[in-house]
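Below: the structure, in structure tokens.
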Amino acid sequence: TITLTTLMKGLCINGEVGKALQFHGTMVAQRFQLDEVSYGTLINGLCKIGQTKAAIQLLQKMEGQVAKPNVVIYNTIIDSLCKDGLVTEARDLFTEIVVQGISVDVFTYTSLIHGFCIMGQWKEVTWFLSEMILKNINPNVYTFNILVDALSKKGNVKEAQNVLAVMIKGGQKLDIVTYNSLIDGYCLINEVNKARDVFNTMAKRGVSANVRSYSIMINGYCKIKQLNEAMSLFKEMQCKNLAPNTVTYSSLIDGFCKSGRISDVQDLVDAMHRRNISLN
RNA sequence: AGAUAUCAAA
């Protein structure tokens with residue numbers, strides 16, 4: 001079963017969810033018992049290609065099986081519903097499984113909180129946050145990062161900073177995603193110098209910038225037309241063996257275009273070709 | 001030894 005599940009996961013990663021399902025069908029026809037992890041793999045495969053409906057159908061098929069849906073499978077579906085913006089449906093499913101006696105966990109709450117953040121439903125965000133804490137399911141770095149990101153995107157970096165303070169007080173280490181989210185928050189309100197401070201502090205705290213951190217900073221500088229600073233970070237990242245990607249180049253190209261520096265744009269496009277970075 | 005949650009351009 002483990003071997004077959006690994007194989008199906010491989011097919012899903014390759015974008016061949018259809019083949020994985022076919023394979024599963026063949027197994028079932030031969031009366032081979034698949035377990036909940038196998039079903040979880042397929043359900044996740046469907047969810048990740050935007051087929052939440054089909055995933056739910058597969059979940060319903062499980063209900064008459066020996067392999068019963070577990071919390072991981074429900075978490076997968078709840079997350080997918082949230083990402084589709086169907087937070088009401090996600091919450092209904094959550095209520096239903098709690099009634100069924102399934103022990104929900106930090107994944108369940110984190111997905112729901114993310115969903116309500118995306119929808120801007122802050123009342124629900126705080127509700128689920130307090131509920132999980134009451135149930136002694138402690139928010140982890142993923143949960144906190146979602147809050148930092150959502151507040152930053154809203155332009156509320158002050159509140160985002162408060163979340164960082166809570167994390168530190170609770171002994172939760174900040175990671176690269178925490179910093180990237182906050183840096184982006186400052187860039188979005190055009191406080192690029194503040195963003196740079198956070199970027200520098202992060203290194204001092206032993207968290208090294210990744211390609212995304214550089215892309216965020218470069219984009220911030222491009223948006224305020226500080227192309228020299230953008231280019232200097234662009235060079236710096238490459239000294240650190242961080243390879244700029246399509247997103248990094250897009251920010252730079254956009255910045256140079258808007259400043260009418262077409263020959264610099266040409267150089268960037270040439271560099272992309274040389275490095276086999278796909279243009280989109 | 002196998003399945004689920006967080007961050008960047010347009």
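Quick caveat, the model's predicted, so the values are computed rather than measured. Naming convention: chains lettered A, B, ... in sequence-line order (proteins, then strands); numbering from 1 in each chain.
Residue pairs meeting the side-chain hydrogen bond (donor to acceptor under 3.5 Å, both in side chains) criterion with at least one member in residues 78-90 of chain A, sequence neighbours excluded, are A/Thr52-A/Ser80, A/Thr52-A/Asp84, A/Asp79-A/Lys83, A/Asp79-A/Ser111. Residue pairs meeting the side-chain hydrogen bond (donor to acceptor under 3.5 Å, both in side chains) criterion with at least one partner in residues 154-167 of chain A, sequence neighbours excluded, are A/Glu159-A/Asn162, A/Gln161-A/Tyr186. Residue pairs meeting the side-chain hydrogen bond (donor to acceptor under 3.5 Å, both in side chains) criterion with at least one partner in residues 263-274 of chain A, sequence neighbours excluded, are A/Arg261-A/Asp264. Pairs of residues two or more places apart, or lying in two chains, never qualify as side-chain hydrogen bond (donor to acceptor under 3.5 Å, both in side chains) while including a residue from residues 91-104 of chain A. The salt bridge (Lys or Arg N to Asp or Glu O under 4.0 Å) pairs that include a residue from residues 105-119 of chain A number zero, where partners must be two or more places apart or lie in different chains.
Listed by chain and number, the residues in a side chain to side chain donor-acceptor pair (under 3.5 Å) with A/Gln238 are A/Arg275 (sequence neighbours excluded). Taking A/Glu236 as the reference, A/Tyr214 meet the side chain to side chain donor-acceptor pair (under 3.5 Å) condition, with sequence neighbours excluded.
Regarding A/Tyr39, its OH atom lies at a distance of 18 Å from the P atom of B/U4, rounded to whole Å.
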Base versus backbone protein contacts along nucleotides 5-10 of chain B [heavy-atom cut-off under 4.0 Å; B, S, -]: BBBBBS
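Under a cut-off of 6.0 angstrom, the local environment of CH2 in A/Trp127 is sparse, with at most 12 non-hydrogen atoms contributed by other residues, nucleotides or ligands.
Scanning residues 1-27 of chain A for heavy-atom distances under 4.0 Å to RNA chain B yields A/Thr1, A/Ile2, A/Thr5, A/Thr6, A/Lys9.
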